[in-house]
Amino acid sequence: MKLNNPFHFTLILTTIIISFSSLVSCKKGNALEVEHKKTKSSDTFPSRKVNQDLKNYWFDGTAEISTYELNQVRYGEVHKGKATLIFVTEPFSKASNTKADYTNDNNIPVLKLNSTKKFNTGIYPYSLMNSTFFPFENTSTSLKISSSIQEWCGMTYLEMKNENDLIFNFNSYFEGASFKNKKLNNSILEDDLWSLLRLNPELLPKGNFSIIPSMFYLTLTHKEIKSFNVITSLETNSTKTINIYTIHYPELDRTLQIEFTSKPPYQISSWKESYSSGYGNQRKKLTTEAKLIKSLKIDYWNKNKTSDIHLRDSLGI
C-alpha cells in the first residue's frame, strides 16, 4: 500500500503509537494489580523483629509454664477447671511440618504455645489442647496450628498448615462435620495474637479488620472456619502496669479480653471470653474467665521422674 498522502501516514503512525501505549499501559496495570494482590494477601508484619532482652529470656533453654484458675462456659453454664499456657522456643521444619529434630539451615525458630484446658461438665470431663507454631521473628502467621478436644462423647482434631494460603483439615466424631483441604487466604489468626503480644505487643492490630477466631471457639460452637469482622483496642490500666487487649466480634456477639503486664516479658495475667452458650431456652451469654495461679521457667521435659511430682504443687495443679 502506498502512503502518498502525508496525512494518512501521520494518522496510521499515531494509531500505532496509541495502540502500543495502551498495550504497555495494560501490562503495567496488570503487573500493579498482581503486586497489589500479593501485598494484600502477604503477612501482616513481614519484617517483625524481637529485641535482645526478650531473645535472652526465650532462648535460655527452658519453657515458661503458667497455670490459671479457669471458669469455662459450656452448655449454658460455667464450669470450674484449670488452664495452662506453655511457651517454649524450638526449631520448626517446614519440610516435615513438625518440630525439627536435626540441625538444618531451613529450620525456622518458633515460639510454640501449648494451651490446655481441663474441666468437668456434670459427670464427664473435657480436655482441650491447642498448639501454635509462631515464627519468632519476620512473619506473624503460625506455620502450623493443631487443636484437639476430647470428652466422653468423642474427640475432634483440627489442623492448619501454612502454605502461603492457610489449609485446614478437620476430623470429628459428628457425622458430616469432617473436611479436608479447606483453603483460606492468609489472614490474621486470633490464636497467633497470644504469641505476638509476648514478643511485639506494640504490633497488636488495632481498629476494624477481619480475624479467624480461635480454634477452640470455632470447634466448640460448630462455627464455620472463616474470617469475621472485629473491632480491637489496646489500653493500659490506671497504674500503667497491665495492658488490656480487647477483640470484639459484632457478628458473633463475642468478646475476648486479654490482660498482660506492660513490661517484658509481657506475662499474661488473665483473660475473659464472653459469648452465648447453651440450647433453646437455656441459651444465654456467659463469660469464661482465667486468672493466673503461678508461673515457672523450667525445663519441664527433664522433670519426668516421680521425684519431680512436687513441682506440680509449685504450679498449683
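One-based numbering along the sequence shown. The figures here come from the full heavy-atom set of this structure, side chains too, leaving out hydrogens, waters and symmetry mates.
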- K49 and N138 side chains, donor-acceptor separation under 3.5 Å: yes
- Message: Between D299 (side chain only) and N302 (backbone N and O only), is there a donor and an acceptor less than 3.5 Å apart?
- Response: no
- Query: When the ring planes of Y275 and Y217 are compared, do they come out parallel, tilted or perpendicular, using 30° and 60° as the limits?
  - Reply: perpendicular
- Task: Apply the test salt bridge (charged side-chain N to carboxylate O under 4.0 Å, His left out) to residues E64 and R198: give CA-CA distance (whole Å), side-chain angles for both, the deciding distance (0.1 Å), then the verdict.
- Result: CA-CA 11 Å; E64 182 195 88; R198 300 302 310 271; 2.7 Å; yes
- Query: After noting the C-alpha distance and the side-chain angles of E69 and K80, does the key distance pass the salt bridge (charged side-chain N to carboxylate O under 4.0 Å, His left out) rule?
  - Reply: CA-CA 8 Å; E69 288 289 352; K80 290 187 177 298; over 6 Å; no
- Message: Less than 4.5 Å apart, side chain to side chain, heavy atoms only: is that true for Y126 and R74?
- Response: yes
- Query: Any side-chain heavy-atom pair from L296 and S314 closer than 4.5 angstrom?
  - Reply: yes
- Q282, CD atom: more than 12 neighbouring heavy atoms under 6.0 Å: no
- Query: Is the backbone N or O of I145 less than 3.5 Å from a side-chain atom of S142, with the two atoms forming a donor-acceptor pair by type?
  - Reply: no
- Query: Does some side-chain heavy atom of L70 sit less than 4.5 Å from a side-chain heavy atom of K117?
  - Reply: yes
- Donor-acceptor pair, Q72 side chain versus T288 backbone, under 3.5 Å? no
- Note on the structure: Taken to the nearest 0.5 Å, the spacing of I212 CD1 from I225 CD1 works out to 8.5 Å
- Task: Measure across F87 and S195 and return the closest heavy-atom pair with its distance rounded to 0.1 Å.
- Result: CE2-OG, 3.9 Å
- Could you label the plane-to-plane angle of the Y279 and Y75 rings as parallel, tilted or perpendicular, counting under 30° as parallel and over 60° as perpendicular? tilted
- Message: For the residue pair K55 and F136, would you count it as a cation-pi contact if the rule is NZ or CZ under 6.0 angstrom from the ring centre and within 45 degrees of the ring axis?
- Response: no
- How about L143 and K94: do any of their side-chain heavy atoms sit closer than 4.5 Å? yes
- Near-ring test F260/W271, centroid separation under 6.0 angstrom: no
- Note on the structure: In this structure, CD1 of I149 is separated from OG1 of T156 (nearest 0.5 Å) by 4.5 Å
- CA sep, side-chain torsions, deciding dist, call: N229, S210, side chain to side chain donor-acceptor pair (under 3.5 Å): CA-CA 4 Å; N229 291 330; S210 61; 5.0 Å; no
- Message: Please check: side-chain N/O of K297 versus main-chain N/O of Y57, any donor-acceptor pairing under 3.5 Å?
- Response: yes
- Message: Please determine whether the number of non-hydrogen atoms from other residues, nucleotides or ligands lying under 6.0 Å from atom OH of Y102 exceeds 12.
- Response: no
- Query: Between D191 and N130, is a side-chain contact (heavy atoms from CB on, under 4.5 Å) present by the stated rule, with each step listed?
  - Reply: CA-CA 9 Å; D191 286 335; N130 196 73; 3.5 Å; yes
- Classify the ring geometry between F170 and F179 as parallel (under 30°), tilted (30 to 60°) or perpendicular (over 60°). tilted
- Check: I211 and F228 side chains under 4.5 Å, non-hydrogen atoms: no
- Does the pair E190 and R254 meet the rule for a salt bridge (charged side-chain N to carboxylate O under 4.0 Å, His left out), with working shown? CA-CA 13 Å; E190 179 188 308; R254 172 177 176 256; 2.8 Å; yes
- Query: In Å and rounded to the nearest 0.5 Å, what is the NZ to CG distance from K161 to N181?
  - Reply: 9.5 Å
- Message: Main chain of T287, side chain of S274: is a donor-acceptor contact present, judged purely on distance under 3.5 Å?
- Response: no
- Message: Could you walk me through whether S127 and K118 satisfy the side chain to side chain donor-acceptor pair (under 3.5 Å) test, starting with their C-alpha distance in whole Å, then the side-chain angles of each, then the deciding distance to 0.1 Å, before giving a yes or no?
- Response: CA-CA 5 Å; S127 178; K118 292 183 181 292; 3.0 Å; yes
- Query: How long is the gap from CE on M215 to CG on L218, to the nearest 0.5 Å?
  - Reply: 5.5 Å
- Student check: side-chain heavy atoms of F119 and T121 closer than 4.5 Å: yes
- Note on the structure: In terms of heavy-atom contacts, T232 and P205 come closest through OG1-O, 2.8 Å
- Item | Closest contact, heavy atoms only, Y245 versus S233 | CD1-O, 3.2 Å
- Message: Could you check whether R48 and N200, counting side-chain N and O atoms only, form a donor-acceptor pair closer than 3.5 Å?
- Response: yes
- Task: Please assess Q257 against E273 for the test side-chain contact (heavy atoms from CB on, under 4.5 Å), listing each intermediate value before the final yes or no.
- Result: CA-CA 6 Å; Q257 189 175 80; E273 180 187 9; over 6 Å; no
- Query: Do you know which two heavy atoms are closest between Y68 and I268, and how far apart they sit?
  - Reply: OH-O, 2.6 Å
- With the side chain counted from C-beta on, respond yes when S295 and Q267 share a heavy-atom pair under 4.5 Å apart, and no when they do not. yes
- Message: Looking only at the side chains, is there a donor atom on one of E159 and Y157 sitting less than 3.5 Å from an acceptor on the other?
- Response: yes
- Could you tell me whether a side-chain N or O of S93 sits under 3.5 Å from a main-chain N or O of A100, the two making a donor and an acceptor? no
- Could you tell me whether the side chain of C153 reaches within less than 4.5 Å of the side chain of Y173, counting heavy atoms only? yes
- Item | Under 3.5 Å donor-acceptor, D165 side chain and K183 backbone | no
- Should I242 and I258 be regarded as members of a common hydrophobic cluster, given that ILVMFWY residues are connected when their side-chain heavy atoms come within less than 4.5 Å of each other, either directly or indirectly? no
- Counting N and O atoms only, with roles assigned by atom type, does the side chain of R283 sit under 3.5 Å from a partner on the main chain of G278, one being a donor and the other an acceptor? yes
- Query: Roughly how far, to the nearest 0.5 Å, is OG of S227 from CG of N185?
  - Reply: 8.5 Å
- Under 3.5 Å donor-acceptor, N237 side chain and K240 backbone: yes
- Do H79 side-chain atoms and N120 backbone N/O form a donor-acceptor pair below 3.5 Å? yes
- Item | Criterion side-chain contact (heavy atoms from CB on, under 4.5 Å) on I244 and L234, from CA distance to verdict | CA-CA 6 Å; I244 305 164; L234 179 62; over 6 Å; no
- Query: Just wondering, are more than 12 heavy atoms of other shown residues or ligands nearer than 6.0 Å to NZ in K285?
  - Reply: yes
- Is there a side chain to side chain donor-acceptor pair (under 3.5 Å) between N162 and T141 once you walk through the steps? CA-CA 8 Å; N162 189 338; T141 304; 4.8 Å; no
- Examine F133 and M160 and state if one hydrophobic cluster contains both, with Ile, Leu, Val, Met, Phe, Trp and Tyr joined whenever side-chain heavy atoms are less than 4.5 Å apart. no
- Quick one: CD1 on I86 to CE on M129, what's the gap to the nearest 0.5 Å? 6.0 Å
- Message: For L315 versus T67, what's the shortest heavy-atom pair and its separation?
- Response: O-OG1, 2.5 Å
- Query: Above 12 or not: heavy atoms from other molecules or residues under 6.0 Å from NZ of K206?
  - Reply: yes
- Pair F92-N107, side-chain contact (heavy atoms from CB on, under 4.5 Å): steps then yes or no: CA-CA 5 Å; F92 186 86; N107 291 343; over 6 Å; no
- Item | Chi angles and distances behind the side chain to side chain donor-acceptor pair (under 3.5 Å) call for K291, S270 | CA-CA 4 Å; K291 294 183 178 180; S270 66; over 6 Å; no
